[in-house]
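Input: a single structure, listed below in structure tokens.
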Amino acid sequence: MKNEKIINYLDELFPNPKCELTYFNDYSLLMAIVLSAQCTDKRVNMVTPIIFKKYKSLEELSNADVKDLEDIIRPVGSFRKKSVYLKEIAKLLLEKYDGKVPIDKHLLEQFPGVGRKTANVFLSEFYNYTAIAVDTHVDRVSKRLKLAYSNDSVNKVEEKLMKKFPKDKWAKLHLQLVLFGRYYCKAIKPECTNCKLKDLCRYKGRDK
Ligand code: SF4
């Protein structure tokens, strides 16, 4: 009943949720997700067209001068680390995977800058793979809605969400929870006044 209420409300708010990162193929999506760590999608979307206009292929990216890449990536933060990640991902894709991003969570997690969350986001967006990636928004919303304990790790939150919701809802639910966290259940000053989940929430706008 409680979980149904959450699904219904999220369906009402976001009937067709979409990933807000712009991309044109598998590696551009993977790299955009890597760049989005600790950064907004909006900012990443300002930077990725510049990267992929300058470096038109994985070969060009793998040979990029890291200083030039850093200058482009600077606005998304952690630019030194992220520039190296992008170059190394390009290299690895060419050397081991024939330029195609593997459809395997464990292989993906071995890529530089790619952890469990990034692998899940990539697979569920690009291949519709059934996963619930837990980013900062999903984590916060799940805890406020008592779907997990406040001190649960992200892996624990993921595990609990997968137990509580049917598998065919996971990919959509992930996107809905991200959007709900980004635009309504924000970290600071969430929009609680009209929230239909208030009665399920341990937080209920305490900040306001
Ligand atoms: S009541 Fe506020 S904090 Fe709770 S789920 Fe709704 S928006 Fe988030």
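Start at 1 and go down the list; that is how both ligands and their atoms are numbered.
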- prompt: Does anything in residues 47-66 pair up under salt bridge (charged side-chain N to carboxylate O under 4.0 Å, His left out), and if so which pairs, sequence neighbours excluded?
  reply: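 Salt bridge (charged side-chain N to carboxylate O under 4.0 Å, His left out) check on residues 47-66 returns no pairs.
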- request: Mind checking whether Leu145 contacts ligand 1 via backbone (N, CA, C, O), side chain (CB onward), both or neither, at a 4.0 Å heavy-atom cut-off?
  value: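 Answer for Leu145: side chain.
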- prompt: At a non-hydrogen distance cut-off of under 4.0 Å, which region of Cys195 contacts ligand 1 (side chain, backbone, both, or neither)?
  reply: side chain
Over all atoms of both residues, closest heavy-atom pair of [X] and [Y]:
| X | Y | result |
| --- | --- | --- |
| Val47 | Ile73 | CG1-CA, 4.2 Å |
| Ile132 | Glu158 | O-CG, 3.3 Å |
| Cys39 | Val44 | SG-CG2, 4.1 Å |

Considering only heavy atoms of [X], which atoms of ligand 1 have at least one such atom less than 4.0 Å away?
| X | answer |
| --- | --- |
| Cys201 | 1 (S), 3 (S), 4 (Fe), 5 (S) |
| Lys198 | 1 (S) |
| Cys192 | 1 (S), 2 (Fe), 3 (S), 7 (S) |

message: Quick check on the 6.0 Å ring-centre criterion: do Tyr184 and Tyr9 meet it?
response: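 Tyr184 vs Tyr9: aromatic centres not under 6.0 Å.
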